[in-house]
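Bear in mind that the values here come from a model prediction, so they are computed numbers and not experimental data.
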Amino acid sequence: MKIKRNFSEQVFSVVCLVPAGRLTTYGDVAAAMGSPRSARRVGYALSGLSSERIHEVPWHRVINIKGTISIRGSTGRGLQQRQRLENEGIFFDHMGRTNLGQYRWHYPNLVDLMGENF
DNA sequence: TCCATGACGGCCT
DNA sequence: AAGGCCGCCATGG
């Protein structure tokens with residue numbers, strides 16, 4: 001848990017910009033924040049999303065660069081992620097891969113858009 | 001401090 | 001195409 005407050009809050013707001021039916025990657029979120037080498041921190045921040053706020057951030061639209069779901073483990077979130085994405089019309093092949101080329105969301109320049117807060 | 005652990009990603013085989 | 005390495009970076013023991 002406990003990441004620098006600022007960082008995870010930024011992650012959440014950046015993830016909120018991804019429209020339904022589109023995908024982004026941990027690395028893309030990090031790059032959009034100006035920290036291109038912090039992809040792992042993005043995943044860590046999302047893993048710390050509290051159950052209270054889980055419904056206000058579209059965390060399920062963030063996958064890895066290979067086009068697959070990264071979440072492992074027994075919490076059931078991985079399954080939930082796939083289900084939510086399929087509900088938004090995203091197709092997974094029999095290997096659990098999505099077509100990133102088709103669904104990947106390209107962020108606008110966030111500094112231009114939101115000012116120096118980024 | 002040192003070491004292991006990730007919801008990562010790029011490179012090389 | 002798929003898997004192995006390894007660099008990255010914050011955390012926790």
Side-chain angles (χ1 to χ4, degrees):
Chain A
M1 301 218 346
K2 304 296 161 26
I3 231 180
K4 200 184 287 188
R5 190 118 181 91
N6 220 353
F7 187 85
S8 51
E9 289 307 316
Q10 272 189 157
V11 168
F12 300 156
S13 49
V14 168
V15 170
C16 282
L17 300 177
V18 183
R22 303 299 295 278
L23 298 172
T24 190
T25 70
Y26 299 93
D28 284 352
V29 173
M33 293 172 58
S35 305
R37 289 160 300 186
S38 297
R40 304 191 76 150
R41 293 184 69 189
V42 172
Y44 188 72
L46 289 178
S47 74
L49 200 50
S50 69
S51 51
E52 290 76 27
R53 308 189 57 192
I54 194 77
H55 296 297
E56 60 182 83
V57 179
W59 55 273
H60 58 287
R61 299 185 189 135
V62 189
I63 63 176
N64 61 42
I65 194 63
K66 301 189 213 63
T68 66
I69 286 173
S70 282
I71 303 177
R72 308 294 170 191
S74 49
T75 62
R77 275 211 183 161
L79 231 46
Q80 187 183 189
Q81 180 170 21
R82 173 162 177 159
Q83 207 164 273
R84 286 184 176 221
L85 290 177
E86 288 180 328
N87 286 341
E88 295 185 354
I90 286 169
F91 171 77
F92 286 78
D93 68 17
H94 63 101
M95 297 296 287
R97 285 181 310 244
T98 62
N99 185 338
L100 251 191
Q102 177 182 357
Y103 303 116
R104 194 176 196 170
W105 169 254
H106 299 289
Y107 283 102
N109 184 311
L110 297 183
V111 177
D112 287 350
L113 187 68
M114 313 183 71
E116 284 305 321
N117 299 328
F118 265 92

Touch check for Leu46(A), heavy atoms < 4.0 angstrom, all strands: base, sugar-phosphate only, or nothing?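 Base contact - Leu46(A) has a heavy atom under 4.0 Å of at least one base atom.
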Contact class for Thr25(A) vs. all strands (heavy atom < 4.0 Å): base, sugar-phosphate, or nothing?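 It contacts sugar-phosphate atoms only.
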Decide whether a cation-pi geometry holds between [X] and [Y]; the criteria are a distance under 6.0 Å from NZ or CZ to the six-membered ring centre and an angle within 45° of the ring axis.
| X | Y | answer |
| --- | --- | --- |
| Arg41(A) | Phe7(A) | yes |
| Arg77(A) | Trp59(A) | yes |
| Arg82(A) | Phe92(A) | yes |

Rounded to whole angstroms, how far apart are OH on Tyr26(A) and C1' on dC9(C)?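 So the two atoms are 16 Å apart, to the nearest Å.
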Could you state the atom-to-atom distance from CZ of Arg40(A) to C1' of dA10(C) in whole Å?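 So the CZ-C1' distance, Arg40(A) to dA10(C), works out to 10 Å.
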Using 4.0 Å as the upper bound for N to carboxylate O, is an ion pair formed by Arg61(A) and Glu88(A)?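 Answer for the salt bridge query: yes.
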Counting only side-chain nitrogens and oxygens, does Arg41(A) get under 4.0 Å of the OP1 or OP2 atom of dA10(C)?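 Indeed, a polar side-chain atom of Arg41(A) lies that close.
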Could you report the tightest heavy-atom contact between Arg104(A) and Arg22(A), atom names first, then the distance?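 Looking at all heavy atoms of both residues, the closest pair is O-NH2, 2.9 Å.
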Under a 4.5 Å side-chain heavy-atom rule over Ile, Leu, Val, Met, Phe, Trp and Tyr, are Ile54(A) and Ile71(A) clustered together?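 Same hydrophobic cluster.
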For chain A, the stretch of DNA chain B it reaches, first to last nucleotide, under 4.0 Å of its heavy atoms: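 Endpoints of the contacted stretch of DNA chain B: dG6(B) to dG10(B).
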